[in-house]
Amino acid sequence: MKVIHLHHKENEIIELAVAQNRQAQQFIYTKFSPKMLSVCRQYIKDIQQAEDVMIASFMKVFVHLNKFGFKGSFEGWIRRIVINECISHLRVHKKVTFLDDEIEYFDYTNDLEAVISVEDIQILIDSLPDGYKMIFNLFVIDGFKHIEIANMLGISEGTSKSQLAQARKILQKQLNTLKINSNGTK
């Protein structure tokens, strides 16, 4: 059996794309655009706006591709650019604001026994106010720490924690409502 080193091949493709090889750039776009559209969609409700942000993100990827140092995940590097572009888009177009109210942080657990589809979960997340949604996505989905989120968004670490707690509280209420409705009670 022949072993194919995909990482080595990926590095070659990146180097070709840095050299403005259009086929290599197309390969990168085709490979990563579906995942990155999904990332955009987590932050931006409107699919057309999410697509616009994804395309703008890939423009930045190709402009700054020579800055990728082959240290770490290429997909992770692209993802960070996409997330930053989503945040910039929301700042410019939505004027997202964050409340500085610090509240006690509670760890809400999901005891929902019914199975909920990914689409239903995305609808619930989309219903969050933009600030709550952004913090929730950055912390829960993308795995950033509160200090990183605070630095990215220019807010305090306490505000990040507060926004996450509020988002979780809202989602917990929505999930409990779904549970009550699915049981046919109330």
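Predicted, not measured: the structure shown is a model, and the values here were computed from it.
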Check whether any side-chain heavy atom of I28 lies under 4.5 Å from a side-chain heavy atom of F62, and answer yes or no.
yes

The reported gap from NZ in K133 to NZ in K45 (rounded to nearest 0.5 angstrom) is 6.0 Å

Answer yes or no: is there a side-chain heavy-atom contact under 4.5 Å between I170 and P129?
yes

Decide whether M59 and M36 are clustered together by the hydrophobic rule: side chain heavy atoms of Ile, Leu, Val, Met, Phe, Trp, Tyr closer than 4.5 Å, transitively.
no

Hydrophobic clusters here meaning ILVMFWY residues chained together by side-chain heavy-atom distances under 4.5 Å, can you tell me if I147 and I87 are in one?
no

Restricting to non-hydrogen atoms, name the atom on N66 and the atom on V63 that form the minimum distance, rounded to 0.1 Å.
OD1-O, 3.7 Å

With side-chain contact (heavy atoms from CB on, under 4.5 Å) as the criterion, how do F70 and E15 come out once you've worked through the C-alpha distance, each side chain's angles and the decisive distance to 0.1 Å?
CA-CA 10 Å; F70 298 96; E15 288 171 359; 3.9 Å; yes

Can you find a heavy atom in the side chain of V82 that is under 4.5 Å from one in the side chain of M54?
no

SG-CG distance between C40 and D46, expressed to the nearest 0.5 angstrom:
12.0 Å

Is there a path of hydrophobic side-chain contacts, each under 4.5 Å between heavy atoms of I, L, V, M, F, W or Y residues, that connects I55 with I47?
yes

Smallest separation among heavy atoms of L128 and A167, with atom names:
CD2-O, 3.8 Å

Taking the side chain as every heavy atom from C-beta outward, state whether D126 and R41 have any atom pair closer than 4.5 Å.
yes

Using the side-chain hydrogen bond (donor to acceptor under 3.5 Å, both in side chains) rule, collect all pairs that involve residues 69-78, keeping only residues at least two apart or in two chains.
K35-E75

Which pairs, with at least one residue in residues 9-48 and sequence neighbours excluded, count as a ring pair (Phe, Tyr, Trp, His ring centres under 6.0 Å)?
Y29-F58, F32-F74

Nearest 0.5 angstrom please: I155 CD1 to K161 NZ, how far?
12.0 Å

Within the structure provided, determine whether R80 and F144 are in side-chain contact (heavy-atom separation under 4.5 Å).
yes

Report, as yes or no, whether the 6.0 Å neighbourhood of atom CD on Q23 holds more than 12 heavy atoms from other residues, nucleotides or ligands.
no

Taking only residues two or more places apart in sequence or in another chain, which ones pass salt bridge (Lys or Arg N to Asp or Glu O under 4.0 Å) with R79?
D142

To check you understand the geometry: which heavy-atom pair defines the closest contact between Q25 and A17, and what is its length?
NE2-O, 3.3 Å

To the nearest 0.5 Å, tell me how far I14 CD1 sits from N21 CG.
13.0 Å

Distance-only, no hydrogens or angles: does the R168 side chain make a donor-acceptor pair with backbone N or O of F136 under 3.5 Å?
no

Flag the pair Q42 / Q122 as yes when at least one side-chain heavy-atom distance between them is below 4.5 Å, and no otherwise.
yes

same_hphob_cluster(I83, I141) at 4.5 Å side-chain heavy-atom cutoff:
yes

Atom of C86, atom of I44 and distance for their closest heavy-atom approach
SG-CD1, 4.1 Å

Do L164 and H146 have side chains that get closer than 4.5 Å, going by heavy atoms?
yes

How close do E85 and S57 get, counting heavy atoms only, and between which atoms?
CB-OG, 3.2 Å

A24 versus L16, closest heavy-atom pair with distance
CB-CB, 3.6 Å

Shared hydrophobic cluster for L138 and I121 (ILVMFWY, side-chain gaps under 4.5 Å)
yes

Once rounded to the nearest 0.5 Å, what's the spacing between atom CD1 of I135 and atom CE of M152?
9.5 Å

Straight-line distance of K145 NZ to S160 OG, nearest 0.5 Å:
12.5 Å

